[in-house]
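Below is one structure, written out as structure tokens, with a few remarks after it.
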Amino acid sequence: QVQLVVSGGGSAQAGGSLKLSCVVSGRTIESVAMAWFRRAPGNPQEFIAGIPWTGQPTWYKETVKGRFIISRDNAKNAVYLEMNNLKPEDTAVYYCNADLRYGALLGDWGQGTQVIVSS
């Protein structure tokens with residue numbers, strides 16, 4: 001069965017940085033466009049970054065563009081999200097999965113990883 005293990009969340013100060021990792025097991029993602037999603041308190045889940053299997057071109061939601069960087073390492077079956085210049089509004093639970101513009105959900109959403117940004 002496919003599983004996506006997300007790690008790297010935690011607490012950070014505004015202006016700080018965190019790097020999230022997503023390691024997929026149960027299937028290869030070498031031909032799968034991948035993405036990061038987040039759900040802030042009281043809000044629906046939003047798609048914030050996408051990356052095709054080739055690695056380019058990437059896509060970012062306007063609110064994170066210029067601050068977040070999505071990357072992948074197909075040899076490690078992994079996807080990463082580098083988050084810089086964090087803001088309190090980045091506080092959310094972050095999830096990794098397929099880019100649903102191009103493919104089907106892999107496994108389940110899971111529990112994600114919590115990111116809390118304080119002023």
Side-chain angles (χ1 to χ4, degrees):
Q1 59 181 353
V2 62
Q3 293 188 345
L4 300 92
V5 179
V6 180
S7 62
S11 298
Q13 292 280 321
S17 299
L18 288 171
K19 186 174 182 179
L20 308 183
S21 297
C22 171
V23 179
V24 182
S25 62
R27 66 157 294 160
T28 178
I29 60 168
E30 65 181 14
S31 63
V32 180
M34 298 294 292
W36 286 93
F37 307 80
R38 70 184 182 187
R39 186 175 183 178
N43 293 321
Q45 187 164 266
E46 59 179 348
F47 168 41
I48 60 170
I51 185 169
W53 72 271
T54 58
Q56 294 184 8
T58 53
W59 180 92
Y60 299 93
K61 190 173 181 68
E62 181 180 345
T63 51
V64 309
K65 189 174 184 179
R67 299 188 298 117
F68 291 10
I69 302 172
I70 187 172
S71 62
R72 66 190 298 154
D73 186 339
N74 286 348
K76 296 181 179 179
N77 227 40
V79 185
Y80 309 98
L81 185 68
E82 182 179 325
M83 304 184 293
N84 302 301
N85 192 24
L86 285 163
K87 301 177 179 181
E89 52 262 45
D90 295 320
T91 296
V93 178
Y94 286 71
Y95 304 86
C96 168
N97 214 291
D99 186 334
L100 301 181
R101 298 175 299 173
Y102 306 115
L105 187 74
L106 302 176
D108 299 316
W109 288 109
Q111 296 301 115
T113 186
Q114 175 72 250
V115 171
I116 300 175
V117 183
S118 301
S119 298

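Hydrogens, waters and symmetry mates play no part in the numbers below; they use all other heavy atoms, side chains included.
Here Leu4 contributes atom CG and Cys96 contributes atom SG; the two are 5.5 Å apart, rounded to the nearest 0.5 Å. The CH2 atom of Trp53 sits 11.0 Å away from the OG1 atom of Thr28 when rounded to the nearest 0.5 Å. Within the model, atoms CG of Asn85 and OG of Ser17 stand 8.0 Å from one another, a figure rounded to the nearest 0.5 Å. In this structure, Gln114 CD and Ser11 OG are separated by 8.0 Å, a value rounded to the nearest 0.5 Å. With rounding to the nearest 0.5 Å, the separation of OG in Ser21 from NZ in Lys76 is 9.5 Å. The distance from atom OG of Ser118 to atom CD of Gln13, rounded to the nearest 0.5 Å, is 6.0 Å.
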* Give the C-alpha distance, both sets of side-chain angles, the deciding distance and a yes or no for side chain to side chain contact (heavy atoms under 4.5 Å, CB included) between Arg27 and Leu106. => CA-CA 9 Å; Arg27 66 157 294 160; Leu106 302 176; 3.8 Å; yes
* To do: Start with the C-alpha gap between Lys61 and Glu46, add the side-chain angles, then the distance that decides, and say whether salt bridge (Lys or Arg N to Asp or Glu O under 4.0 Å) holds.
  => CA-CA 9 Å; Lys61 190 173 181 68; Glu46 59 179 348; 3.8 Å; yes
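Taking all atoms of both residues into account, the shortest heavy-atom contact from Ala104 to Ala98 is O-CB, 3.3 Å. A pairwise comparison of heavy atoms in Ala14 and Ser119 identifies CB-CA, 4.2 Å as the closest pair.
Linking ILVMFWY residues whenever their side-chain heavy atoms come closer than 4.5 Å, directly or via other members, leaves Tyr80 and Val6 in distinct clusters. Linking ILVMFWY residues whenever their side-chain heavy atoms come closer than 4.5 Å, directly or via other members, places Ile48 and Ile69 in the same cluster. When hydrophobic clusters are built by joining Ile, Leu, Val, Met, Phe, Trp and Tyr residues whose side-chain heavy atoms come closer than 4.5 Å, directly or via intermediates, Leu20 is grouped together with Tyr60. Val24 and Trp36 fall within the same hydrophobic cluster, where Ile, Leu, Val, Met, Phe, Trp and Tyr residues are linked whenever their side-chain heavy atoms come under 4.5 Å apart, directly or through other members.
Within the structure, every pair that satisfies the salt bridge (Lys or Arg N to Asp or Glu O under 4.0 Å) test and touches residues 80-96, not counting sequence neighbours, is listed here: Arg38-Asp90, Arg67-Asp90.
The number of heavy-atom neighbours closer than 6.0 Å to CG of Asp73, taken from other residues, nucleotides and ligands shown, is above 12.
Under the 3.5 Å distance criterion, the side-chain polar atoms of Arg72 are matched with a main-chain donor or acceptor of Ile29.
If you chain together ILVMFWY residues whose side-chain heavy atoms come under 4.5 Å of each other, Leu100 ends up grouped with Phe37, Phe47, Trp59, Val93, Tyr95, Leu105, Trp109.
Looking at Met34 and Asp99, their side chains never come closer than 4.5 Å, going by heavy atoms from C-beta outward.
With Leu81 as the partner, the side-chain contact (heavy atoms from CB on, under 4.5 Å) test is satisfied by one option alone out of Thr113, Leu18, Ile70: Ile70.
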